[in-house]
Amino acid sequence: MAGLRLGPLLRYADGSSATVWVEASRPCAAEVRCADGAGGAARTFQVAGHHYALVPVTGLTAGTATAYEVLLDGTRVWPLPDSRFPPSEIHAPAAEDDGHVVRVSFGSCRWAAPAADAHDPVGPDALDSLAARLAADPGRERPDVLLLLGDQVYADEVSDATRERIAARRGLTDPPGAEVADFEEYTWLYYESWLDPEVRWLLSTVPSCMVFDDHDVIDDWNTSAAWLADVRATPWWHERLLSGLMSYWVHQHLGNLAPAELAADPVYAAVRAAPDGTDVLRAFACRADADPASVRWSYRRDFGRVRLLMVDTRAARVLAEDERAMLNPGEAEWLRDQVLDDPGSYDHLLIGTSLPWLLPHLVHDAEEWDAALCRGERGARWARFGEKLRRAADLEHWAAFPTSFTALAELIAEAGTGSSAPASVLVLSGDVHHAYVAEARWPEGSRSDADGGTGPDARVFQLTCSPVHNSIPLSIRVGFRFGWSALARALGRRFRRHGHCPRPPVNWRRTGGPWFGNQLMSLTLHGRSARLRLEQARGNGVLATVKESDLTP
């Protein structure tokens, strides 16, 4: 009899359809049955001895919620027997003209929680706390979507339990040692993370959108061309990268896609058609490695009059120093097309990028200065120093790709200007193990439009929130507090002068934070209004509100 190994995860959901992801213990037919008669079924597909299904659910009614159960070969496997959680539900959002409020929660950097009886060295998990609140009061308002902005698993920073499994399987002597080496070991990370009881139930009843960041593969993934050349010279990297992309495709990427996109995806069709899709998926990952521009991990979701663009800022990079860009030309064109598609059709634009666009001023200036050194602005000796500093200090955010930083600023200004402009453009990010809010302002005369305005009509904010569950070193606390100070700004200006860096095309000021802790940010979007709430996980298992503010008063 087929058993449920992992899941279910409620991934996509709109007013009439949804997708539910599961992993089974053997080949079988997976089925979702809803209390209101909606449902769907799919056969599992196989990758590396594991059996997965993404079940399309149809027949949902907009504006309603319905409980569902999962069956494998006709036997109910979810809800679990004697579950202490309420029934998992699919909430189909209301139609746009019904004045639907869109609630979005987001964060990043979730290191897997230890066993329930073990000491947690990094404190309470914010997702556990969110699950506990929703389970205790099922009628309470819940997110319409949960955005997980990277580092869903840590391939290079495993728990003690996973380390023991690696040691028993292949030992720790040969590289990569106590890090994940292949697809099978990646599955252990997902089991450890998603079998956490609270998180398992939460992901079964709140739709989620995901995107990778560096630790899903390796710390500082694709920092520079020199970094990539060095890591490619190691004997373990090729298998690690292919396994990371394959496991991401299975566990995260497929669920990001709408049913129509899945139906048109040739890789998904080929994997499902094969008795074993491992070779098909491996060939796909090889192409993605050889030519990153051949694959698009970014995607778009529309929630009524809220547009979400989740942007790949890791695999889509151009690393050659004389062409360095956060997004390759095809990816940059895709982003521009999605932002400018049907002006006036959305009230809020959310750009999900794992790495912050606007950083504390000193950090931004240091990263742009370092990029100038690495491309040779001060000569070969400084260039060598710049590369060492880039790797040692993790200088690889948007500011370290100055052309891309400027291009995004110009695109946001263009989208946010004019009679069809949205009320807000919100850049949602994580990565940096703290949270803050920064508002962007354009210098007078910086806009290219004829009216000579001083910036876009939309309110533009950088909203950064991490970690969901991870450590916050003292260096992070001290460095990022200092990074916003007046003294830091003066130091940053010296860096800029030394690197011959031009003035940034946009100004920004911190309007909230920095906040340190395991935390989530939430947005409530209704009409032209946007309200922000930051909550932190406390030791008593609750989420405590730290900050609430109106972004579009």
Side-chain angles (χ1 to χ4, degrees), residues 3 5-7 23-25 46-52 108-122 125 127 148 150-197 199-200 210 212-223 227-228 230-253 276-279 281-282 285-286 289 314-315 391 433 467-471 473:
R5 295 198 69 189
L6 193 59
E23 181 186 350
S25 62
Q46 180 171 306
V47 176
H50 294 261
H51 309 282
Y52 306 97
S108 79
C109 307
R110 182 175 179 266
W111 187 67
D117 59 350
H119 171 68
D120 191 337
V122 300
D125 188 325
L127 288 191
L148 300 177
D151 296 345
Q152 275 65 264
V153 294
Y154 280 71
D156 54 352
E157 190 180 328
V158 303
S159 67
D160 289 343
T162 299
R163 180 187 176 93
E164 291 175 4
R165 294 187 71 179
I166 292 173
R169 182 178 186 235
R170 57 175 169 82
L172 301 175
T173 303
D174 294 332
E179 297 185 10
V180 167
D182 58 20
F183 186 93
E184 177 62 26
E185 293 176 10
Y186 261 104
T187 67
W188 301 350
L189 301 183
Y190 285 101
Y191 295 150
E192 189 172 48
S193 185
W194 290 355
L195 285 177
D196 172 289
V199 169
R200 189 178 195 182
M210 307 180 188
F212 48 45
D213 198 24
D214 54 343
H215 289 284
D216 292 87
V217 176
I218 191 172
D219 188 25
D220 299 335
W221 178 27
N222 283 343
T223 290
W227 177 94
L228 185 59
D230 288 348
V231 76
R232 280 179 169 171
T234 65
W236 53 269
W237 170 248
H238 186 65
E239 186 62 35
R240 166 75 154 272
L241 178 64
L242 297 190
S243 298
L245 295 178
M246 292 169 66
S247 65
Y248 176 78
W249 186 90
V250 169
H251 293 85
Q252 300 190 52
H253 177 68
D276 185 321
T278 307
D279 289 344
L281 191 53
R282 189 176 182 86
C286 284
D289 179 31
R314 283 293 172 184
R391 298 195 203 184
H433 287 215
V468 170
H469 182 246
N470 212 319
S471 62

Side-chain heavy atoms of V180 within contact of D156, under 4.5 Å: no

Separation of D214 CG from D216 CG (nearest 0.5 Å): 8.0 Å

Residue pair Y190 / Q252, side-chain heavy-atom distance below 4.5 Å: yes

Student check: side-chain heavy atoms of D151 and E157 closer than 4.5 Å: no

Sidechain N-carboxylate O distance under 4.0 Å for D220, R391: no

Non-hydrogen side-chain atoms of L242 and C286 separated by less than 4.5 Å: yes

W194 side chain reached by R200 side chain, heavy atoms, under 4.5 Å: no

Within 6.0 angstrom of R170 CZ, more than 12 heavy atoms from elsewhere: yes

Separation between OG1 of T162 and OH of Y191, rounded to the nearest 0.5 Å: 12.5 Å

Ring pair (Phe, Tyr, Trp, His ring centres under 6.0 Å) involving F212 - partner list, sequence neighbours excluded: W221, Y248, W297

Short side-chain to backbone donor-acceptor contact, R5 and H51, under 3.5 Å: no

Spacing of E185 atom CD and R240 atom CZ [to the nearest 0.5 Å]: 9.5 Å

Criterion side-chain contact (heavy atoms from CB on, under 4.5 Å) on W237 and V217, from CA distance to verdict: CA-CA 10 Å; W237 170 248; V217 176; 3.6 Å; yes

Sub-4.5 Å side-chain heavy-atom contact between W188 and V153: no

Sub-4.5 Å side-chain heavy-atom contact between H469 and D120: yes

Working for side-chain contact (heavy atoms from CB on, under 4.5 Å), residues Q152 and S193: CA-CA 8 Å; Q152 275 65 264; S193 185; over 6 Å; no

Gap between atom OG1 of T278 and atom CZ of F183 - 0.5 Å precision: 7.5 Å

Euclidean distance, I218 CD1 relative to W236 CH2, rounded to 0.5 Å: 3.5 Å

Rounded distance [0.5 Å steps], OG in S247 versus NE2 in H50: 10.5 Å

Heavy-atom closest contact (S243 atom, A181 atom, distance): OG-O, 4.3 Å

Salt-bridge criterion met for E184 and R169 (N-O under 4.0 Å): no

Pair R232 + D289, salt bridge at N-O below 4.0 Å: yes

Any side-chain heavy-atom pair of S159 and Y154 under 4.5 Å: no

Heavy-atom closest pair, residues G150 and S108: O-CB, 3.5 Å

